[in-house]
Colleague: 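First, the structure itself, so that you have it in front of you.
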Number of protein chains: 2
Amino acid sequence: MADLLAGDLIKAENPALAALAAKAYAPRSVRPIWLQIYDRLADAIRQDVVPPGSRLPGEVYLADLFGVNRITMRRALALHQNEGLLQARKGVGIFVRPRPRRFLIRNDMQFAESLLVDGGSISSKNLWLGRGKASPEAAQLFGIAPDEQVILLHRLRQLDGAPIYVSRKEFPILRFPDFENRYHESGSVRAVFRSAGIESYRRSETRVMGGFASKEEAEILEISPQTPVQYVTSINRDVSGQVIEFNRGCWPMASVELVFAAAD
Amino acid sequence: MADLLAGDLIKAENPALAALAAKAYAPRSVRPIWLQIYDRLADAIRQDVVPPGSRLPGEVYLADLFGVNRITMRRALALHQNEGLLQARKGVGIFVRPRPRRFLIRNDMQFAESLLVDGGSISSKNLWLGRGKASPEAAQLFGIAPDEQVILLHRLRQLDGAPIYVSRKEFPILRFPDFENRYHESGSVRAVFRSAGIESYRRSETRVMGGFASKEEAEILEISPQTPVQYVTSINRDVSGQVIEFNRGCWPMASVELVFAAAD
DNA sequence: CAGTGGTCTAGACCACATG
DNA sequence: ATGTGGTCTAGACCACTGG
């Protein structure tokens, strides 16, 4: 009784979703039911039938609404989670993720990367600053032993409060012996460079590769583990060619677009 | 009876796989069984217990081997298909994909992209050459109307016979009125450029973005639909700045690494 | 505590490819 | 005809979150 009541209430709250579910399915042989549900959910989300940030009705209710078993319903939901449109939180519900925006990272080689996005405010948050073992790649670039220490800076970039990019930067201690203090004073890497006498530097190489979010990355970025992501590693050098920064970042794949433009 | 016999035969064929499956599972609360099976399969593949190109035992047999239900087994297999290590062919079996290699695409801006891979032979295959409607983006770049025609060249790149990259190139007809004939004569885009008086050109912009393989792309690349891929679009200009080529390519995400190096 | 998503099983039927 | 992978159901139990 209480179940029926709750069901009716939710249904009344979102008639558009109910209408979407009421349509007849194409034959299973043409396209599996779960993919058809996946399609309809995608439409519902993109057409703001269910707005970003809102919570979807529960799986059992949705399954009933779409006239399928809960398992079948879950397949459709799971694919959307994997692709980044939805995000489940155990014990809480399934939420519509903020509309995936395409970030543009201009990578002009001469300048540091710059984030461009239409509207929305990007904020940067430092997760951790300290010293630790260099990654093998950074050690080689800095010309130090593999187990030597480097300055480590973990940063998180957020769009309107939602995490969107996590990076791990490495700097050679020899070059920036007082990195931490300088950084705390200024709050900017560029300023630390300047205080070390580096007025200008350049991006010498950028690598892009695909992967799947580790548990840690998934937690920080608030996505499901195994979600496809893009890793970007970049190398900055001073004018003499010395490597002064090695950076490795991670994006949810769906929300970034990289642009590499010629210098002109 | 026949079942048992077949099972024993296969098991005898691959004792290493059986050994992998025989180990006790960690508690489900630590890591779900299907993810533990996923892990073991990954090990088996990466350690050549099941070599690239070989076919896995059937799902029902594997499920029995790992002591779980077929559905549970399928979850582990499905994730590997999604990530590119395995590839299922309906009615045939599940196959181990060729070891994902990291392709390096050097993108020096001055030169056309060049494929680098350690060992293995890369071949190029033309799927289609003809004329058709320009994409909106290309039309704008070429300075033509959105419904105007362009030269279209669909190409497939293969590594040791396995499809690895599919691209769709667009060229302005005004600039290359005799493209098809020139191309058939020489078999190279560069030669067509030269015959049109273009001795040198440059890559002015490259964009990288993630996505999920459409049904068509999946078929060409022999991957499952919805598998994560990377799209790369690039623009080539002649020395005067005129756009002479617009290219859009698609890679299985797991098998490519893009390198953008500064000109130096 | 109730409701949520996450996992797992048992069994069924289908579509496809191969011999 | 057989075996393969693909889909779908029914029902169960668990772990987590919130009030």
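Every chain is numbered from 1 and lettered A, B, ... according to where its sequence line falls, protein lines coming before strand lines. Please read these numbers as outputs of a predicted model, since none were measured by experiment. Note that these values count all heavy atoms, side chains included, but never hydrogens, waters or copies made by symmetry.
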Colleague: Could you check how far CG of L77(B) sits from P of dC8(C), rounded to whole Å?
Modeller: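 Atom CG in L77(B) sits about 14 Å away from atom P in dC8(C).
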
Colleague: For the helix from dC1(C)-dG18(D) to dT18(C)-dA1(D), measure the angle between the helix axis at one end and the axis at the other, each built from five pairs, rounding to 10°.
Modeller: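 One end's axis against the other's: 10°.
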
Colleague: Relative to the 5' end of DNA chain D, which residue comes earlier, V60(B) or M73(A), by the nucleotide with the nearest heavy atom?
Modeller: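 The residue whose closest nucleotide sits nearer the 5' end is V60(B).
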
Colleague: Q226(A) has an atom CD; how far is it from atom P of dG6(C), in whole Å?
Modeller: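 After rounding, the reported distance stands at 14 Å.
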
Colleague: Between Y61(A) (OH) and dG5(C) (C1'), how many Å, whole number?
Modeller: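 Distance, rounded to whole Å: 18 Å.
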
Colleague: Rounded to whole angstrom units, what separation is found between the CG atom of L79(B) and the P atom of dT7(C)?
Modeller: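 The distance from CG of L79(B) to P of dT7(C) comes to 11 Å, rounded to the nearest Å.
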
Colleague: Report yes if at least one side-chain N or O of R74(B) is closer than 4.0 Å to OP1 or OP2 of dG6(D); otherwise report no.
Modeller: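 The answer is yes; a side-chain N or O of R74(B) sits under 4.0 Å from OP1 or OP2.
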
Colleague: Tell me whether R40(A) contacts the main-chain N or O of K23(A) through its side chain, where contact means a donor paired with an acceptor under 3.5 Å.
Modeller: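 Yes, because the side chain of R40(A) sits within donor-acceptor range (under 3.5 Å) of the backbone of K23(A).
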
Colleague: Give the rounded distance in Å between these two atoms: CZ of F95(A) and P of dT4(C).
Modeller: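 So the two atoms are 11 Å apart, to the nearest Å.
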
Colleague: Mind listing the side-chain donor-acceptor pairs of residues 41-53 of chain B below 3.5 Å, one per line with the distance, residues two or more places apart or on another chain?
Modeller:
| from | atom 1 | to | atom 2 | distance (Å) |
| --- | --- | --- | --- | --- |
| D48(B) | OD1 | R99(B) | NH2 | 3.2 |
| D48(B) | OD2 | R99(B) | NH2 | 3.4 |

Colleague: Among residues at least two apart in sequence or on other chains, which ones pass salt bridge (Lys or Arg N to Asp or Glu O under 4.0 Å) with R55(B)?
Modeller: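 For R55(B) there are no salt bridge (Lys or Arg N to Asp or Glu O under 4.0 Å) partners, ignoring immediate neighbours.
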
Colleague: Could you check how far CG of L56(A) sits from P of dT4(C), rounded to whole Å?
Modeller: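 After rounding, the reported distance stands at 12 Å.
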
Colleague: Is it the case that R75(A) places NZ or CZ above or below the six-membered ring of Y38(A), under 6.0 angstrom from the centre and within 45 degrees of the axis?
Modeller: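 R75(A) over Y38(A) ring: no.
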
Colleague: Which whole-number value in Å describes the distance from L62(A) CG to dT4(C) P?
Modeller: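 Going from CG in L62(A) over to P in dT4(C) covers 10 Å.
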
Colleague: For nucleotides 10-19 of chain D, which of its nitrogen or oxygen atoms have a protein nitrogen or oxygen under 3.5 Å away, and what is each distance?
Modeller:
| from | atom 1 | to | atom 2 | distance (Å) |
| --- | --- | --- | --- | --- |
| dA10(D) | N7 | N69(A) | ND2 | 3.1 |

Colleague: Any side-chain heavy atom of V229(A) within less than 4.5 Å of one from I223(A)?
Modeller: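 They are in side-chain contact.
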
Colleague: Output yes when at least one side-chain N/O atom of T72(B) is less than 4.0 Å from OP1 or OP2 of dT9(C), else no.
Modeller: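 So the side chain of T72(B) is within the cut-off, an N or O lying under 4.0 Å from OP1 or OP2 of dT9(C).
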
Colleague: Which residues within residues 30-38 of chain B lie with some heavy atom under 4.0 Å of an atom in DNA chain D?
Modeller: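 Output list: empty, so none.
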
Colleague: Do L79(A) and W34(A) have side chains that get closer than 4.5 Å, going by heavy atoms?
Modeller: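 Yes, side chains in contact.
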
Colleague: Is E222(B) paired with R97(B) through a side-chain N to carboxylate O contact shorter than 4.0 Å?
Modeller: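 Looking at E222(B) together with R97(B), the answer is no, because their closest N to O distance does not fall below 4.0 Å.
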
Colleague: Just how far is it from atom CG of L62(A) to atom CD1 of I37(A), taken to the nearest 0.5 Å?
Modeller: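 So the CG of L62(A) and the CD1 of I37(A) are separated by 9.0 Å.
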
Colleague: Could you state the OH-C1' distance from Y25(A) to dC8(D), rounded to the nearest angstrom?
Modeller: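 For the pair Y25(A) OH and dC8(D) C1', the rounded distance is 12 Å.
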
Colleague: Just by distance, no angles: are the side chains of S135(A) and E170(A) close enough, under 3.5 Å, to form a donor-acceptor pair?
Modeller: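 Note: S135(A) and E170(A) side chains meet the donor-acceptor criterion.
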
Colleague: Once rounded to the nearest 0.5 Å, what's the spacing between atom CD1 of I164(B) and atom CZ of R157(B)?
Modeller: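 The CD1 atom of I164(B) sits 11.5 Å away from the CZ atom of R157(B).
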
Colleague: In chain order, what residues pass the side chain to side chain contact (heavy atoms under 4.5 Å, CB included) check against P98(A), with sequence neighbours excluded?
Modeller: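 For P98(A), the residues satisfying side chain to side chain contact (heavy atoms under 4.5 Å, CB included) (neighbours in sequence not counted) are A162(A).
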
